[in-house]
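None of the values given here were measured: they were computed from a predicted structure.
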Amino acid sequence: MCSIMGFIRRGTDLNQAKSAFEKTISRGPDAMRFEEAGSGWLGFQRLSIMGLTDEGMQPFHLGGDMAVCNGELYGFREVKEELQKKGYSFRSDSDCEIILPLYRELGVSMFETLDAEFAMIIYDSEKQDFIAARDPIGIRPLHYGYQEDGSIVFASEAKNLIGLCERIMPFPPGCYYADGHFTRYAEIYKGRKAFAKKDEVSGESFDPTAELSVAGLQGAPTPVCKVTADEASEKIRELLIRAVGKRLDADAPVGFLLSGGLDSSLVCAISARILKKPIRTFAIGMNTDAIDLKYAKQAAEYLGAEHTEVIITEEDVIRSLPEVVAALGTYDITTIRASMGMYLCCKYIHEHTDVRVLLTGEVSDELFGYKYTDFAPSAKEFQKEAEKRVRELNVYDVLRADRCISVHSMEARVPFGDLDFVSYVMSLDPEIKMNVYGKGKYLLRHAFEEGAYLPYDLLMREKAAFSDAVGHSMVDDLKAYAERTYTDEEFEELRKKYTYAQPFTKESLLYRELFEQYYPGQAEMIPDFWMPNRSWEGCNVNDPSARVLGNYGASGI
C-alpha cells in the first residue's frame, strides 16, 4: 500500500504541501519523494511490495511524462513483454512502471484495459495536463479538493487535504479526470467492467459530487446473464480461484485475515491449495464472548495454517476508538464497529510479524447478499440494492479494509473485488442470486461443495456480521460508552448541530463528534449511514447490525 499526492499548480508553500503529504507516511514508510511536474508537484510514499529495489521508486519518468500510482496491475509481466517488443525499456520489476508506456500507446482509454486496483496521477508533458484515475470499484483510495486559487489537488486520503481545501470529496471510482473534468469509463456495478463506446455510459463530463447520494445512475440497463444456478456456481468457482491466484503474487510476505466465516475461509482455502504450503492466518476476538474465534481455528486447523489468535478487551476497544475514527475518515456506525476488530488485529500483525500483504474477504456480501437482502420484495429490488452497495463500496467496506490495513503499513488485497469476478456476478439474473434456497449466498457455497476446500459445516455456516462476531459484547461496550458520554438532554441538543447525516443515537453522535475533530466540516464525504433498506418489510430498524433482524436466527452461534 502506497500513498500519492498531486498538485496541478504550485500555489501552496512547499513545506505546507510536504507536511500535508506526510500525514499518510504509514501508507508508504519505506521512502518518500516529492518532485516538480510541469506547473505542479507529484508526491509518492512507498511500501515496497513488487520490485523491491530502488529502481521501483516513483514517480516514474518517460521523457517529460511522469506518473505515480498506488496499485496492483495484474498480468503486468505479459503487458511488459508486449511493450518491450514495441521498443520500451524498463529499469525495475515494478508492475506500475508499465503505466507511462501504456499511456503513450492508448491515452486515457488505457484505464478500460487494466486488470487492476489502482489510484494514479499522470503528468502529460506534451499537453501540460494532469490526468487522475481510480479503479472501477475504488479499492485503492483517492480524494480531491480545490484550493483557493481554484486548482485541483489529488491525494490518497482525505487527511492529506485538511487545511488545503475547503471541501474534500472521494474521487469517483471508474472515472478519470482530464482536461479539467471527470469522465466515467466503467460501471462495474451494472455488470460490465468497461465500455467500448462512451455513449453507452455517462461518457460526457459530470459533477461527481452531485452523484454521490443518487440512488441510481443513468446508463445502459443492467445486462442479465441467463444461466442455471449450477452453471453460475461453476463459473464463480473458476473466477474466484483465478482472482485469489493473481493476488498471491508479491515480493513481500503475505498473510490472511481469517474470521471463520464463509468469505475469508474460502480465500484462505483457495490460497493454501494454490501455494501448497502452510499459510499465515490471523483472527481476532473479545476476551469474553468471541463468536468467530472457534470457527477460525477450525478452518485454520483444517487447512494446516500457521494460525494466530489476537484477544482484545473492552479497554482496548474504547481506548482505540479515537485513533480508529482518525484513520478511517468516517462517522458511519457500521464501518466503525466493524473496523475496531480489524484495526486492532492489523496493529498486532504489524507489531509482531513481517507480513506486508493481507488478503481479506471483503466485497462478497455486496455481490451475494446480506441477511437483510433476504427481505428483498423482488429480484429487481435485490439487484437494485446490490448495485447501490457495489457503487458505494469505496466509502464503506472497502474504505474500512484499506484504512485499517494501510495505517499499519500493510497492503490489502481483495479477491472478491476482482473485476472479472464482480462483473460476472453482477451480470447474473438476480432470480438465482436471491435467497430462494433457504441458505444465503447459495451460489458461492455451492461453487465449493466439491473439492473439500472446507469442511461442509463451515462452508454452510451462517456467519455473523464481523463487528458482532468479534464478540457481541464489543458492540454493547461501544453503546454503553456512548450512553455514559451523553445525557439524554445533551444528546438532543448536540445532534441538532448537524443537519447533514444527523446522528440518531448516542453512539452515532459519539462517532460524529470524533470525526469532526479530525475532519471538520467534511461530513459530505460519506453519502449516508450504512443501513438495511428500511423501505422493505422486516428491515425498518434503527440499528445497522444484522442482530436486530428477525431472520438473524442461528447466525453467529
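- In summary, the side chains of Ser545 and Asp543 do not present any donor paired with an acceptor at a separation below 3.5 Å, with no hydrogens or angles considered.
- The shortest distance between side-chain heavy atoms of Pro141 and Arg403 falls below 4.5 Å.
- The main-chain N or O of Tyr295 is never found under 3.5 Å from a side-chain atom of Asp292 such that the two would form a donor-acceptor pair.
- Using bins of under 30°, 30° to 60° and over 60° for the plane-to-plane angle, the ring pair Phe515/Tyr331 lands in the perpendicular bin.
- Here Phe256 and Phe282 keep their ring centres 6.0 angstrom or further from each other.
- Residues Met460 and Lys439 come closest through the heavy atom pair O-NZ, 2.8 Å.
- One distance of note links OG1 of Thr334 with CG of Asp397; it measures 8.5 Å at 0.5 Å rounding.
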- prompt: Going through the checks in order, is the side-chain contact (heavy atoms from CB on, under 4.5 Å) test met by Ile279 and Leu359?
  reply: CA-CA 11 Å; Ile279 61 174; Leu359 270 69; over 6 Å; no
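- With hydrogens and angles ignored, the 3.5 Å screen pairs a side-chain donor or acceptor of Ser233 with a backbone N or O of Leu443.
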query: So Glu387 and Lys190, side-chain contact (heavy atoms from CB on, under 4.5 Å) or not? Walk me through it.
result: CA-CA 7 Å; Glu387 289 184 9; Lys190 288 185 175 292; 4.0 Å; yes
CA sep, side-chain torsions, deciding dist, call: Ser259, Ser264, side-chain hydrogen bond (donor to acceptor under 3.5 Å, both in side chains): CA-CA 6 Å; Ser259 71; Ser264 63; 3.1 Å; yes
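- Taking a cutoff of 4.0 Å between a charged side-chain nitrogen and a carboxylate oxygen, Arg27 and Glu157 qualify as a salt bridge.
- To the nearest 0.5 Å, atoms NE2 (His350) and CD1 (Ile405) are separated by 13.5 Å.
- With Asp332 contributing its side chain and Thr335 its backbone, the two residues share a donor-acceptor pair below 3.5 Å.
- If you take SG on Cys404 and CE on Met410, they are separated by 10.0 Å, rounding to the nearest 0.5 Å.
- No side-chain donor-acceptor contact under 3.5 Å links Arg389 to the backbone of Lys384.
- Ion pair Lys246/Asp249 not flagged as a salt bridge, since none of the NZ, NE, NH1 or NH2 atoms sits closer than 4.0 Å to an Asp/Glu carboxylate oxygen.
- Residues Asn540 and Arg534 have side chains that never bring a donor and an acceptor to within less than 3.5 angstrom of each other.
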message: Applying side-chain contact (heavy atoms from CB on, under 4.5 Å) to Leu367 and Tyr424, what does each step give before you reach the verdict?
response: CA-CA 10 Å; Leu367 299 175; Tyr424 179 73; over 6 Å; no
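- Within 6.0 Å of the CG atom in Asp93, the count of heavy atoms belonging to other residues, nucleotides or ligands does not exceed 12.
- Note that OG of Ser156 is 8.0 Å distant from CD of Gln45, once rounded to the nearest 0.5 Å.
- Sorted by first then second residue, the salt bridge (charged side-chain N to carboxylate O under 4.0 Å, His left out) pairs that include residues 354-364, not counting sequence neighbours, are Asp30-Arg356, Arg280-Asp354, Glu362-Arg400.
- A 6.0 Å sphere centred on CD of Glu351 holds more than 12 heavy atoms belonging to other residues, nucleotides or ligands.
- Each of Arg413, Arg247, Arg242 was scored for a salt bridge (Lys or Arg N to Asp or Glu O under 4.0 Å) with Asp418, with one residue passing: Arg247.
- To the nearest 0.5 Å, the span separating CE on Met340 from CD1 on Ile312 amounts to 7.0 Å.
- Asn394 contributes no side-chain N or O that, together with a main-chain N or O of Ile139, makes up a donor-acceptor pair within less than 3.5 Å.
- With Thr373 contributing its side chain and Ala376 its backbone, the two residues share no donor-acceptor pair below 3.5 Å.
- Remark: side-chain polar atoms of Arg46 are not paired, donor with acceptor, to backbone N or O of Ser3 under 3.5 angstrom.
- A cation-pi arrangement is absent between Arg134 and Phe118 under the rule of less than 6.0 angstrom and at most 45 degrees off the ring axis.
- In this structure, a donor-acceptor pair under 3.5 Å is absent between the side chains of Asp420 and Ser423.
- When ring centroids are compared, Tyr442 and Phe368 stay outside the 6.0 Å threshold.
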Residue pair Asn70, Leu47: steps toward the side-chain contact (heavy atoms from CB on, under 4.5 Å) verdict: CA-CA 9 Å; Asn70 169 25; Leu47 177 67; over 6 Å; no
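- With 3.5 Å as the limit, one finds a donor-acceptor pair spanning the side chains of Tyr343 and Glu323.
- Ionic pairing of Asp230 and Lys235 is not present here: no N-O contact between side-chain nitrogen and carboxylate oxygen is shorter than 4.0 angstrom.
- Within the model, atoms CD1 of Ile49 and CG of Asp95 stand 10.5 Å from one another, a figure rounded to the nearest 0.5 Å.
- For the side-chain hydrogen bond (donor to acceptor under 3.5 Å, both in side chains) condition, the pairs that include at least one residue of residues 507-518, sequence neighbours left out, are Arg337-Glu507, Tyr486-Glu513, Lys497-Glu513, Tyr498-Glu513, Thr505-Ser508, Glu507-Tyr511, Arg512-Glu516.
- Of the possible polar contacts, none joining the Ser265 side chain to the Leu262 backbone as a donor-acceptor pair under 3.5 Å is found.
- For Cys345 against Leu257, the heavy-atom pair with the smallest separation is SG-CD2, 4.0 Å.
- Distance alone, capped at 3.5 Å, places no donor-acceptor pair between the Thr281 side chain and the Leu258 backbone.
- Using modelled atom types, no side-chain atom of Arg484 and backbone atom of Lys479 make a donor-acceptor pair closer than 3.5 Å.
- Using a 4.0 Å cut-off between charged side-chain N and carboxylate O, Glu411 and Arg140 make a salt bridge.
- Within the 6.0 Å centre-distance limit, the rings of Trp530 and Tyr370 are counted as a close aromatic pair.
- Judged purely by distance below 3.5 Å, without hydrogens or angles, the side chains of Glu385 and Tyr372 pair a donor atom with an acceptor atom.
- Side-chain atoms of Asn287 and Thr313 form no donor-acceptor pair, as typed in the model, at a separation below 3.5 Å.
- Side chains of Ser473 and Thr288: a donor on one and an acceptor on the other come within 3.5 Å.
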